[in-house]
Amino acid sequence: MEIRATDTPLLEWTGDGLAIGLFENAVELTGNLTQLNENFAGILSELIAETEFKGKEGSSVVIRVGGGSSVRKVMLVGLGTDILKLDNWRRAAATVGRLAIKEKCKTLGISLPVWNNDPAATAGAIAEGIQLALFQDNRFKSEPEEQVGVEQVDLLGFGNQEQVIARANQICSGVILARELVAAPPNSVTPITMAETASAIASLHDLQLEILERVECEQLGMGAFLGVAQASDLPPKFIHLTYKPEGTPKRKLAIIGKGLTFDSGGLNIKGAGSGIEAMKVDMGGAAATLGAAKAIAQLKPDVEVHFISAVTENMISGRAMHPGDILTASNGKTIEVNNTDAEGRLTLADALVFAEKLGVDAIVDLATLTGACVIALGDDIAGLWSTDDTVANQLTQASEMAGEKIWRMPMEEKYFEGLKSPLADMKNTGPRPGGSITAALFLKQFVKETPWAHIDIAGPVWTDKENGYNSAGATG
Ligand code: BES
Ligand code: MN
Ligand code: ZN
């Protein structure tokens, strides 16, 4: 599929499907659309009246243009009321993409209003929405579903946006990689294949790659990570990819992702109804990190970025951690493992210590860390904890532009009492109330002074039903 911004005026565009975006309660046809309606013998105004189309966010109506017209179908899509919410454009483009498949349109013209006087941002969001909505995962089907593919998408009225569309393609390649990694089953995505994927990204996009094997992790004293890994028959892999810009970097950042390719819970095994069969998603943070590596390697910002994940499975065997074991992390802190199912924070502890030693200006970790965060914020919203207001505000702003919802949560120091251990420096698990907060407080013990943010993505990593530009499944 090719997406391009063309100079072809709306009234002259020819092809299978022409999509027009309208704001809620502003569906009167004005400007060009008056003429278009006339060219099509008034079917646009008839369609709006007959279907009572109001322009609500997510709504759409379609009509066939008869009489051998140069356009086969016209689609109207609603943009809602919030004219400042860029994500509504991304979502509208997703709706158009899905309609195009349903209406068997190979060529598509899209005419939406310009968001915030910014044609570049608008074109970028549309290009993202359409690609993310059209992505289909056929890797595990013996016979892929046949569908008429969209071949050509023309963005009308945005001027030349070649660079912006190229950037959107690069971002989407990262999102789609993350989706593919999360969706793949745990007998297909393992610590070994995660390391292979990192290596493939490194060679394709020119990143530096370091994979620490078990012995090297031992030498670094990563007792927390290795405690989690010790029951698995598969070797743990500590992945470290580095993107370095040409010249002196403006800043240095580390992105860390929780990388549990399967979380059985360990000896505190996940019981019936716990969603154990979904625990392939527990490497969603690592998948997002590798997706970010793929995207950033192509976007080439003037910032040095380290992509880090301590990848393993949380399994049971005669070698498994006992509930009650005391582990020593690579910063020397000791942890009493009162619950082997709170394993993610153990792997992240050593990853955080490793990242801080790189001397970066900020660290962000992404993790499917707690069911408690899903209870607090639901499936659509990630929890954000940070020791640094600047980093927290930047992440919040970025999430608004990207259409990914995050909500800042409190770092309530007093709750650390719930992690006090009579024997070791801390336990790994606190009481059930505030479980996502004590998880964040645990992580904080492994960052000394670098500005740091933790994002709990246990909810948004997966969606059971189609939602905006996400199909049911991994969201990326
Ligand atoms: N991987 C899970 C958290 C999770 C839950 C991810 C739902 C995705 C969807 C994590 O390792 C876990 O098991 N957390 C426990 C922590 C508890 C033992 C303190 C939980 O949330 O129940
Ligand atoms: Mn767990
Ligand atoms: Zn887990």
Side-chain angles (χ1 to χ4, degrees), residues 178 181-183 186 189 191 194 224-225 227-232 236 256-288 309-316 320-321 323-325 327 335-351 365-383 385 409 415-416 418-419 421 426-443 454-464 473-476:
L181 288 170
V182 170
V189 164
M194 287 291 279
F225 170 43
V228 176
Q230 74 193 32
S232 172
I256 301 177
K258 172 176 171 183
L260 268 292
T261 61
F262 185 70
D263 177 14
S264 72
L267 285 175
N268 290 102
I269 194 161
K270 290 183 182 290
S274 63
I276 190 173
E277 70 286 354
M279 278 306 140
K280 64 176 182 183
V281 306
D282 216 15
M283 35 61 74
S309 187
V311 187
T312 185
E313 302 179 304
N314 187 20
M315 298 296 280
I316 52 173
M321 276 194 295
D325 277 359
L327 307 175
I335 306 157
E336 180 182 356
V337 181
N338 56 329
N339 190 324
T340 60
D341 198 11
E343 83 300 334
R345 59 196 76 179
L346 296 171
T347 65
L348 290 166
D350 283 324
D365 79 70
L366 296 141
T368 49
L369 203 60
T370 64
C373 193
V374 189
I375 300 298
L377 297 174
D379 284 332
D380 279 3
I381 306 172
W385 284 261
M409 301 280 277
Y415 290 0
F416 191 73
L419 291 172
S421 160
M426 68 196 94
K427 298 191 288 192
N428 73 331
T429 309
R432 253 165 73 86
S436 63
I437 300 176
T438 43
L441 289 170
F442 177 92
L443 297 179
H454 156 61
I455 304 180
D456 194 330
I457 56 168
V461 68
W462 188 265
T463 177
D464 287 331
T475 58

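For ligands, and for the atoms within them, numbers begin at 1 and follow the listed sequence.
There is a side-chain donor-acceptor pair under 3.5 Å between Thr340 and Asn268.
At least one N or O atom of Glu343 sits closer than 3.5 Å to an N or O atom of ligand 1. Of the N or O atoms in Asn339, none lie within a sub-3.5 Å distance of an N or O in ligand 1. For a threshold of 3.5 Å applied to N or O pairs, the pair formed by Lys270 and ligand 1 contains at least one separation below that value.
Here Ile276 contributes atom CD1 and Asp282 contributes atom CG; the two are 11.0 Å apart, rounded to the nearest 0.5 Å.
If you check which protein heavy atom lies closest to atom 19 (C) of ligand 1, you get Thr429 CG2, 3.3 Å. Here the protein heavy atom with the shortest distance to atom 7 (C) of ligand 1 is Met279 CE, 3.7 Å. At the top of the distance list for atom 22 (O) of ligand 1, counting protein heavy atoms only, stands Gly371 N, 4.5 Å. The protein heavy-atom contact nearest to atom 16 (C) of ligand 1 is Arg345 NH2, 4.1 Å. Ranking protein heavy atoms by distance to atom 6 (C) of ligand 1, first place goes to Thr368 O, 3.6 Å. Closest to atom 2 (C) of ligand 1 among all protein heavy atoms lies Asp263 OD2, 3.6 Å.
Looking only at N/O/S atoms, Glu343 comes nearest to the Mn ion (ligand 2) through OE1. Restricting Glu343 to its N/O/S atoms, the shortest distance to the Zn ion (ligand 3) is reached by OE2. The Zn ion (ligand 3) sits nearest to atom OD2 when only the N, O or S atoms of Asp282 are considered.
Distances from atom 11 (O) of ligand 1 to the protein include at least one heavy-atom value under 4.0 Å.
Atoms of ligand 1 found under 4.0 Å from any heavy atom of Lys258, numbered from 1 in the order shown, are 1 (N), 10 (C), 11 (O).
No salt bridge links Glu277 with Lys270; every basic N to acidic carboxylate O contact stays at or beyond 4.0 Å.
Closest of all the heavy-atom pairs between Thr370 and Ala458 is O-CB, 3.4 Å. Between Leu419 and Gly430, the shortest heavy-atom contact is CD2-N, 3.4 Å.
For the pair OD2 of Asp263 and NZ of Lys258, the angle whose vertex sits at the Zn ion (ligand 3) is 170° to 10 degrees.
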**Message:** Is there a salt bridge (Lys or Arg N to Asp or Glu O under 4.0 Å) between Glu343 and Lys258? Walk through the geometry before answering.
**Reply:** CA-CA 10 Å; Glu343 83 300 334; Lys258 172 176 171 183; 3.0 Å; yes
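With a 4.0 Å cut-off on non-hydrogen atoms, Arg432 does not touch ligand 1 at all. At a 4.0 Å heavy-atom cut-off, ligand 1 touches Asp341 through backbone and side chain alike.
For the pair Ser436 (side chain) and Ala372 (backbone), a donor-acceptor distance under 3.5 Å is absent. Asp350 places a side-chain N or O within 3.5 Å of a backbone atom of Phe225 that can act as its donor or acceptor partner. Put simply, the side chain of Ser264 gets close to the backbone of Asn314: a donor and an acceptor are under 3.5 Å apart. When atom types are taken as modelled, the side chain of Ser232 and the backbone of Ala229 share no donor-acceptor pair closer than 3.5 angstrom.
Side-chain contact between Met283 and Val182 is present, with heavy atoms from C-beta onward closer than 4.5 Å. Two residues are said to be in side-chain contact when any heavy atoms from C-beta on lie closer than 4.5 Å; Leu260 and Val228 meet this criterion.
Within the structure, the closest approach of Leu369 to ligand 1 falls below 4.0 Å when heavy atoms are considered. Residue-ligand proximity: Val374 is placed with every non-hydrogen atom at 4.0 Å or more from ligand 1.
For Asp263, the nearest N, O or S atom to the Mn ion (ligand 2) falls under 2.8 Å.
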